[in-house]
Structures are given as C-alpha cells and as structure tokens.
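To start, the structure itself, in structure tokens.
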Amino acid sequence: MSLPRDLAETREFFTSRAAGWEDRHPDDDVLFKWAVDQLSLSPGDVAIDAGCGSGRALAPMRAAVGPQGAVLGIDATPAMLHEAARLGRRAISGCILGDVGRLPVRDGCVAGILAAGLLPHLPDPVGTLREMARVARPRARLAVFHPISRLALAARHQERGARAHDMNIAPHRIKPLLADGGWTLELLDDADDHYLALAANSD
C-alpha cells in the first residue's frame with residue numbers, strides 16, 4: 001500500500017512502539033469505553049474505529065452494536081494490527097490494513113466513528129473527514145478523542161519526535177475543520193485528562 005509521506009512517517013513511528021503498547025498506557029480502557037459511549041450506538045449499527053491501533057475501542061464497540069451489528073478497525077501500521085491480533089481483537093471485529101482517507105465502506109451506512117489519536121497524524125484532515133462523512137448515515141456521530149489532554153498530547157509528540165499536526169485539535173481550529181469535512185461540532189470537552197470533540201454528520 002502506497003502511503004502519503006506523513007502517514008509513512010506515522011507508520012514508522014508506531015511500528016517500533018506497537019508491541020506492548022497498552023502496557024505503557026494501562027489506564028486508558030475506562031476512557032476509551034466512555035468515548036465509545038458518546039457515539040450512542042445501538043444494536044445492529046455499523047461502527048468504525050478509524051486509526052484503531054491495537055484495537056482498544058473494539059470491544060466496547062462490539063458490546064454496543066451486538067452480534068447483529070458490524071465493527072471495523074482500520075489502521076495504517078501492520079505492527080499495530082499484529083498487536084490487535086495478539087490481544088484477540090480480530091475475534092470481535094474486522095481489522096484491516098488501510099488508509100482512513102480511503103475507507104472500504106459503502107456510502108451512508110455507518111452510525112458511529114471513533115477517531116482516537118488520529119487527527120494530529122493526518123496530512124489531509126479535511127479530506128479524511130469528508131471520507132468519514134461519505135460513509136456516515138444521516139446524524140451519525142464522530143468522536144475525535146484522546147485519552148490524555150491536548151497539551152499533554154502535544155508534549156508527548158514533541159518528546160518522542162513524532163510528526164504531528166497538533167493544531168488540528170486546538171479549540172479555535174477543530175470546529176471549522178470539522179465543518180469543512182462535513183461535520184457539525186456538538187460538544188468540545190477539552191479536559192485536563194482527556195480530549196473529546198463530538199460531532200454529527202451534517203447531511
């Protein structure tokens with residue numbers, strides 16, 4: 001798969017950190033479940049974890065949509081998907097290697113999308129948000145989420161040398177960014193221990 005330069009660098013960054021990823025962030029499970037809850041998924045829905053990494057959100061997504069629903073995790077880093085498989089996440093959801101800017105999903109069928117830790121790593125955030133809007137059904141929800149604060153996230157990226165566009169989620173930036181991508185911001189929770197921008201499909 002040919003990746004844009006920024007995504008290729010993101011893949012390189014996460015490849016060396018994939019093994020034992022969740023061991024280094026052991027307290028994130030509760031916040032991931034809370035973020036999934038904000039999507040208000042129902043049994044039978046289709047949900048996507050965009051940039052799923054090791055698949056931490058897949059279990060609460062599956063619990064929300066039930067056996068009759070569908071859950072898809074998509075990530076650009078093979079090592080992260082290998083970690084998801086090692087943790088048994090492939091048994092509860094589809095996990096595929098791909099670019100979230102080109103989702104392998106038909107138009108208008110998705111009820112909820114989680115984008116955890118994703119937007120700062122996107123070279124074309126508006127294009128990707130429009131792609132998410134394409135697959136979203138009317139009034140579907142998108143949760144742009146980080147299990148740490150926005151400022152702590154930027155400091156972590158700087159410390160680890162990650163190529164990241166942290167201004168993508170700044171308070172003055174996120175609303176127009178979402179709007180350009182076809183989403184209407186409903187809630188911005190820019191907290192000391194997490195970040196959540198909850199949006200609805202504008203169509």
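Because the structure is a prediction, the values reported are computed rather than measured.
Taking all atoms of both residues into account, the shortest heavy-atom contact from S149 to A191 is CB-O, 3.4 Å. Between L41 and A47, the shortest heavy-atom distance links the atoms CD1-CB, 3.8 Å. When all heavy atoms of A143 and A35 are compared, the closest pair comes out as CB-O, 4.3 Å. Considering all non-hydrogen atoms of both residues, A133 and G181 come closest at CB-O, 3.5 Å.
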Yes or no on side-chain hydrogen bond (donor to acceptor under 3.5 Å, both in side chains) for R141 and S40, after CA distance, side-chain angles and deciding distance?
-> CA-CA 8 Å; R141 282 185 157 184; S40 300; 3.2 Å; yes
M132 and L118: side-chain contact (heavy atoms from CB on, under 4.5 Å), yes or no, with the steps?
-> CA-CA 13 Å; M132 293 177 181; L118 179 66; 3.6 Å; yes
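Other residues, nucleotides and ligands contribute only 12 or fewer heavy atoms inside 6.0 Å of the CG atom of D192.
Residue V71 is tested with D45, V46, I92, V65 for a side chain to side chain contact (heavy atoms under 4.5 Å, CB included); the sole match is V65.
Put simply, the side chain of N168 gets close to the backbone of L119: a donor and an acceptor are under 3.5 Å apart.
Taking hydrophobic clusters as Ile, Leu, Val, Met, Phe, Trp and Tyr residues chained together by side-chain heavy-atom distances below 4.5 Å, I148 shares a cluster with I174. Note on I74 and M61: separate hydrophobic clusters, where clusters join Ile, Leu, Val, Met, Phe, Trp and Tyr whose side-chain heavy atoms are under 4.5 Å apart, directly or indirectly. Transitive grouping of hydrophobic side chains (ILVMFWY, heavy atoms separated by less than 4.5 Å) brings L187 and W34 into a common cluster. Linking Ile, Leu, Val, Met, Phe, Trp and Tyr whenever their side-chain heavy atoms come within less than 4.5 Å leaves W183 and F145 in two separate clusters. L58 and V105 end up in different hydrophobic clusters when Ile, Leu, Val, Met, Phe, Trp and Tyr side chains are linked at under 4.5 Å.
V144 has its side chain within reach of I169: a pair of non-hydrogen atoms, C-beta onward, lies under 4.5 Å apart. Residues L39 and I113 have side chains not in contact (no heavy-atom distance under 4.5 Å, counting atoms from C-beta outward). Between E131 and V100, every side-chain heavy-atom pair lies at or beyond the 4.5 Å cut-off. For the pair L177/L129, a side-chain contact is recorded, criterion being any heavy-atom separation below 4.5 Å from C-beta on. Looking at heavy atoms from C-beta onward, L178 lies in side-chain contact with L142 at the 4.5 angstrom threshold. Contact of the L114 side chain with the I48 side chain is not registered, since no non-hydrogen atoms from C-beta on lie closer than 4.5 Å. Here the side chains of H194 and D189 are in contact, with some heavy-atom distance below 4.5 Å. At a threshold of 4.5 Å between non-hydrogen side-chain atoms, the residues N201 and R137 do not count as touching.
Separation of atoms CG (L97) and CG (L81) is listed at 6.0 Å; rounding is to 0.5 Å. Distance check: C95 SG to L72 CG gives 8.0 Å after rounding to the nearest 0.5 Å. Distance check, rounded to the nearest 0.5 Å: CZ of R150 to CG of L188 gives 8.5 Å. Distance check: R62 CZ to R89 CZ gives 14.0 Å after rounding to the nearest 0.5 Å. The structure places OG of S54 at 12.5 Å from NE2 of H82, a figure rounded to the nearest 0.5 Å. Summarising the geometry, atom CG belonging to D75 is positioned 12.0 Å from atom CD belonging to E83; distances are rounded to the nearest 0.5 Å.
For D193, the salt bridge (charged side-chain N to carboxylate O under 4.0 Å, His left out) criterion is met by no residue, not counting sequence neighbours.
For the pair K175 and E186, the salt-bridge criterion is not met [side-chain N within less than 4.0 Å of a carboxylate O]. With respect to K33 and D29, no salt bridge is recorded, no charged nitrogen being found less than 4.0 Å from a carboxylate O.
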